[in-house]
2 protein chains.
Amino acid sequence: MILKNLKSKGYRLTNARKIIINLLLIAGQPVDVFELNRLLIKKGMIVNKTTVYREINTLVKERIVKEIQFKDGKMRYEIQLKDNHHHHAVCQMCNKITPVVSSALEKTVNQLEENIIKENEFHIIEHSLEFIGICNKCEPSRAESTGLPDIKRRNPVPTS
Amino acid sequence: MILKNLKSKGYRLTNARKIIINLLLIAGQPVDVFELNRLLIKKGMIVNKTTVYREINTLVKERIVKEIQFKDGKMRYEIQLKDNHHHHAVCQMCNKITPVVSSALEKTVNQLEENIIKENEFHIIEHSLEFIGICNKCEPSRAESTGLPDIKRRNPVPTS
DNA sequence: ATTTTAATGCAACTAAGTTGCAATTGCAAG
DNA sequence: CTTGCAATTGCAACTTAGTTGCATTAAAAT
């Protein structure tokens, strides 16, 4: 369906495009370009990084892929499946990503968006909500160590 | 109070530190390092970018400053005042930032966080919620133009 | 005033992402 | 199935945010 949709819009179904879409579908969680490249190589395909970036931007533009930023300075990408709106809980230490779904939350957020549109006169296109924390697996090691978590961020927060 | 707090923890009250804190207090909205530098120069202070980055990281570490990412590839920083938890609506076109406050939303999010902690066994430290859209001022020009908004992003989404 | 150590500046570096351009390749039409 | 054209790709060089090591400077405690 994704491919057909793209084709109908004049895009070509190139190898790179098809494989990238497939990998993102399989991934099931946000991946960065480095990871995507690793997956491509594993599939026996070497795709230039320029192409990967351009391809992803095309998919973002066509709203097939959604961009997500955690705090490590790189964009991550996730396939947008219909009726699959969700958020993420990210472990500061191991970067493990857990999807978070809550209809109650969506309801409140949608309500709020309507209010913002009315009151602040601001047209909202989308929102991004991320939870940052420490997963169960990393929690013990954090308690043991003298230091703070081995946060994988571009801008590391030093030990307090 | 911020300065006293820092001093009590063994930090020195250097010129750069004091001015940076002041500028962030005055700014009242998230600023990036480029902007912060501009403000410093306007105040007659030239501070090396390394120092600015290091200073901000110190303030983040001490939870005086909060990091926020929109989608233009640079971190923004905002002073954390107590009882001032809020979110942001960002205009894709002009990058104008509007604070969003909603006690209903906080309530729902806190509820959700408790559930995540219980069910997913994930310890949540913080969350980030941003609304992306188009402000009133930019909306007309968008309607007129053939193309998409002049999105100020590192990874621009081309016109469809 | 002296000393200690945090903070600073500098220059060189890293890494994510972009750009211009020439070469390649889908794919539609004949 | 060949041809032509525009979309796509690869490459190399570039941009920009942020980092690091190290020598120097400057708070502030004594």
Side-chain angles (χ1 to χ4, degrees), chain A residues 3-4 6-21 30-38 40-41 45-62 65 67-77 95 151-160, chain B residues 3-4 6-21 30-38 40-41 45-62 65 67-77 95 151-160:
Chain A
L3 295 184
K4 193 165 280 179
L6 283 173
K7 203 169 173 184
S8 76
K9 289 184 178 163
Y11 291 103
R12 290 179 183 168
L13 305 186
T14 63
N15 270 339
R17 176 159 295 154
K18 284 185 282 184
I19 294 190
I20 286 172
I21 290 170
V31 292
D32 58 42
V33 167
F34 181 86
E35 177 65 9
L36 187 53
N37 232 310
R38 215 182 51 76
L40 281 165
I41 290 165
M45 261 211 100
I46 290 168
V47 182
N48 187 278
K49 68 171 179 165
T50 307
T51 302
V52 174
Y53 279 113
R54 282 200 276 233
E55 186 51 38
I56 277 174
N57 284 343
T58 299
L59 298 176
V60 168
K61 169 188 150 195
E62 291 302 331
V65 160
E67 291 172 309
I68 298 150
Q69 270 190 330
F70 304 149
K71 290 189 177 168
D72 63 352
K74 41 187 161 179
M75 203 63 100
R76 272 151 229 263
Y77 306 94
N95 261 336
I151 300 171
K152 281 174 190 152
R153 310 167 8 132
R154 180 145 189 197
N155 224 347
V157 172
T159 308
S160 54
Chain B
L3 295 183
K4 194 165 279 178
L6 282 172
K7 203 171 176 183
S8 76
K9 288 184 179 163
Y11 291 103
R12 291 175 183 171
L13 303 186
T14 64
N15 270 339
R17 177 159 295 152
K18 285 185 284 186
I19 295 191
I20 286 172
I21 290 171
V31 292
D32 57 43
V33 167
F34 182 84
E35 177 65 9
L36 188 52
N37 234 308
R38 215 182 51 76
L40 281 165
I41 289 165
M45 261 212 97
I46 291 168
V47 182
N48 187 278
K49 69 170 180 167
T50 307
T51 302
V52 175
Y53 278 113
R54 282 199 277 231
E55 186 52 38
I56 277 173
N57 284 343
T58 300
L59 297 175
V60 168
K61 169 189 149 195
E62 292 302 331
V65 160
E67 292 171 311
I68 298 148
Q69 270 190 330
F70 304 149
K71 289 188 178 169
D72 63 353
K74 41 187 161 182
M75 203 64 98
R76 272 153 228 262
Y77 306 93
N95 261 336
I151 300 170
K152 283 177 186 147
R153 310 168 6 134
R154 181 145 189 196
N155 224 347
V157 173
T159 308
S160 57

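Side chains are part of it too, since the values below use all heavy atoms of this structure and drop only hydrogens, waters and symmetry mates. We name chains A, B, ... by the order of the sequence lines, and we start the count at 1 in each one. Just so it is clear, the structure is predicted and the values come from calculations on it, not from any experiment.
Between C/dT25 and A/R12, no contact under 4.0 Å exists linking OP1 or OP2 to a side-chain N or O. Close to D/dT8, at under 4.0 Å from its OP1 or OP2, lies no side-chain N or O of A/T51. Within the structure, a side-chain polar atom (N or O) of B/T14 is placed less than 4.0 Å from OP1 or OP2 of C/dT8.
Residue B/N37 contributes atom CG, which lies 13 Å from atom P of C/dT8 at whole-angstrom precision. In this structure, OH of B/Y11 is placed 16 Å from P of D/dA29, rounded to the nearest angstrom. In this structure, the NZ atom of B/K71 is 13 Å from the P atom of C/dG17, given to the nearest Å. The interatomic distance linking A/I20 (CD1) with D/dG10 (C1') rounds to 13 Å, in whole Å. In this entry the distance linking CG of B/N57 with P of C/dA7 reads 13 Å, nearest Å. Rounded to a whole Å, the CD1 atom of A/I19 is 14 Å from the C1' atom of D/dT9. Across the protein-nucleic acid pair, B/K18 atom NZ and C/dA6 atom P stand 19 Å apart, rounded to whole Å. Computed from coordinates, the B/Y53 OH to C/dA15 P distance equals 16 Å when rounded to whole Å.
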Q. side-chain contact (heavy atoms from CB on, under 4.5 Å) between A/L59 and A/L6: does it pass, once the steps are laid out?
A. CA-CA 9 Å; A/L59 298 176; A/L6 283 173; 4.1 Å; yes
Q) Between B/T58 and B/Y11, does a side-chain contact (heavy atoms from CB on, under 4.5 Å) hold up when you go through it step by step? A) CA-CA 10 Å; B/T58 300; B/Y11 291 103; 3.4 Å; yes
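Side-chain contact between A/E35 and A/D32 is present, with at least one heavy-atom pair separated by less than 4.5 Å. Using a 4.5 Å cut-off on side-chain heavy atoms (C-beta onward), B/N95 and B/R76 make contact.
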Distances for protein N or O near nucleotides 10-12 of chain C N or O, under 3.5 Å:
residue : atom : partner : partner atom : Å
C/dC10  : N4   : B/T50   : OG1          : 3.4
C/dA11  : N6   : B/T50   : OG1          : 3.3

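A/K18 NZ to A/I20 CD1: the interatomic distance, rounded to the nearest 0.5 Å, is 12.5 Å. To the nearest 0.5 Å, the span separating CE on A/M75 from CD on B/Q69 amounts to 8.0 Å.
Counting only distance, with no hydrogens or angles, the side chain of A/R17 and the backbone of A/R12 share a donor-acceptor pair below 3.5 Å.
Taking the side chain of A/V47 as heavy atoms from C-beta on, and the options D/dG10, D/dA28, C/dT8, the nearest nucleotide is D/dG10.
A/L6 comes within 4.0 angstrom of no nucleic acid atom, judged by non-hydrogen atoms across all strands.
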